Amino acid sequence: MEFNVNYLVRRLSQSLFLLAGVSVLSFVFLELAPGDFFEEMRLNPQIPAETVSSLKHAYSLDQPLPVRYWRWLESVARGEFGFSFAYGSPVAPLIRIRALNTLVLTGTCTALSWAIAVPLGVFSAHRRGSTLDRVCELGTSTILATPDLLLALGLLFLALRTGWFPMGGMSSAVREHYGHWTEAKDASWHLFLPVVALVLSSLPVILKHVRATMLDVLASPYIRAAELQGIRPARVLFRHALPACVNPLISLFSLSLASLLSASLLIEVVMSWPGLGPLLLEAILARDVYVVIGVVMLSTLALVCGCLLGDLLLYAADPRIRHEGAA
Amino acid sequence: MPSTNMLLAARNLIKTYARGHWWTKKVYTRALEGVHLSIRSGETVALVGASGCGKTTLAMCLAGLEIPDSGEIWMDSGNLLFRENPTTETRRNIQLVFQDTFAALNPDLSIAEIVEEPMRIQRRLSKSDRKDATANLMKRAGLSPALETRRPDQLSGGQRQRVAIARALAAAPRLLVLDEPFTGLDLSIRAQILNLLMELQAEHNLTYLYISHDLTMLSYYLDRILVMRQGRIISEVSSSDWSLVAALQNRIADSPGNWHGYGV
């Protein structure tokens with residue numbers, strides 16, 4: 001496969017422009033928002049105004065926006081991504097740990113959702129109108145109509161009433177005496193409910209998409225021709241029909257990858273998962289601007305990488321796209 | 001039971017399509033209203049009629065891609081064709097060449113793979129024999145060996161129709177149903193495809209059932225013309241009766257499609 005370097009360079013430069021644009025907009029919007037991290041201090045009569053002013057000066061909050069943006073760019077170059085007022089540390093290490101926690105959750109959920117949705121969607125389309133198809137249609141429509149928040153609260157209620165699952169967190173409080181196997185079991189136990197909540201919110205969309213795409217392809221004359229030649233149904237499905245569905249599915253998969261760091265924010269907050277969600281919420285409430293910007297930039301980076309990866313996968317999977325690119 | 005030189009016979013075929021979901025009232029459309037049909041081996045027959053009169057549904061039923069609600073389809077004076085699961089052998093006896101050449105070919109496969117696929121399924125040839133047979137079929141269909149690695153979107157309409165014909169022949173069929181095979185092709189390409197079909201018919205002792213709106217080119221090559229209207233074959237015209245063929249052509253050009261639906 002001849003790789004189109006121009007295409008890659010063009011996409012990478014577009015991505016850099018997007019990242020730069022998002023960073024500028026983040027700074028502008030946060031500047032427009034009323035108040036800052038030291039706002040509450042100003043209301044406290046025990047803290048002199050000079051102290052607040054000196055703190056703002058120390059953190060460069062009294063500087064004009066372009067100066068602060070330039071200093072933030074310098075910290076990005078150093079790999080720090082700004083400074084958290086609340087945690088008193090550079091943003092990068094703070095976000096790294098939380099992002100890994102989020103990735104554990106969303107990675108598991110994405111893998112599970114796709115592993116369930118693709119075979120179920122293919123089978124549902126193949127057996128259109130069957131009991132399984134109707135159950136899937138009814139189930140997915142019902143779950144889609146239910147808000148994610150309600151699903152998460154329902155699962156928490158289940159955990160509370162039964163005591164089968166922990167109510168939040170990533171691990172049990174006392175871990176010193178645990179072996180590796182027990183730790184893995186403990187992590188899976190804590191992971192279970194957030195993953196179920198996320199899978200329930202993402203699975204119906206993927207399943208409906210796979211089914212609809214597959215139904216379109218199965219009605220194509222070339223699939224009818226394959227049936228006419230006596231090709232076994234399994235081969236018709238997986239050799240002829242599924243490859244034709246790959247393009248729209250890759251596009252959807254790239255969106256799943258793109259939202260790896262942003263799709264679970266609400267569920268993380270509700271289910272007390274120590275990922276980016278609670279960190280972002282706390283940072284927004286406290287006006288810890290560089291943490292907010294750091295999380296937004298990381299989510300944007302994931303979005304850009306997911307879309308780029310999707311495009312590269314399409315480029316690799318579809319010879320027609322390569323042909324158009326070369327033309 | 002049909003006579004011994006009969007290749008295919010259909011008796012009282014009825015096919016109804018239902019539209020609507022399981023939770024709504026369904027609307028039923030009767031596409032075939034009791035079709036009787038017989039085709040002798042080596043014949044070239046045309047099935048004509050206005051849009052929506054049931055021609056393609058009949059072709060699908062004959063090929064086994066649709067199961068009729070009732071009726072019988074016989075082949076070789078004795079084999080009842082389509083039960084719940086038609087076998088590979090019964091399926092490959094009848095092949096269909098579709099109207100839309102672009103949609104009829106798998107866009108993800110190369111031309112060689114498309115032509116080879118029916119032979120791969122039958123498992124009657126080794127890999128190298130299959131490759132030789134594919135090259136021969138492509139050559140016979142007037143396709144250059146340079147096209148083997150191309151994909152359908154890189155071919156012209158005429159070339160795609162040749163690929164569709166080569167693929168149909170790869171299944172070694174006895175009856176070829178050609179659904180509007182000249183749609184979208186210019187006059188010279190139509191003539192080339194028609195000549196190719198005639199040559200292949202002589203070589204492989206094929207039987208053709210053309211489904212068409214346009215008899216102007218076909219009428220010279222046909223043995224019989226079956227006229228379909230509202231899901232029934234209403235008359236049969238011998239192609240030697242030129243005045244009737246001309247009148248028929250004019251009538252097809254004038255008459256609108258006419259399905260009738262009824263709510264249940």
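In the text below, chain A, chain B and the rest are named by the order of the sequence lines, each starting its count at 1. Keep in mind that this is a model prediction, so the values were computed, not measured.
- Environment of NZ in Lys131(B): sparse, with no more than 12 heavy atoms of neighbouring residues, nucleotides or ligands closer than 6.0 Å.
- When heavy atoms are compared at a cutoff of 4.5 Å, Leu105(B) approaches chain A solely by way of its backbone atoms N, CA, C and O.
- Interatomic distance, CD1 of Ile223(A) versus CG of Leu65(B), reported as 11.5 Å (0.5 Å rounding).
- More than 12 heavy atoms of other residues, nucleotides or ligands sit less than 6.0 Å from atom CZ of Arg235(A).
- Minimum interatomic distance between Asn106(B) and His240(A) (heavy atoms only, all atoms of both residues): ND2-ND1, 3.3 Å.
- Using a 4.5 Å cut-off between heavy atoms, Ile114(B) does not touch chain A at all.
- Taking every heavy atom of both residues into account, Tyr222(A) and Ala104(B) meet most closely at CB-O, 3.1 Å.
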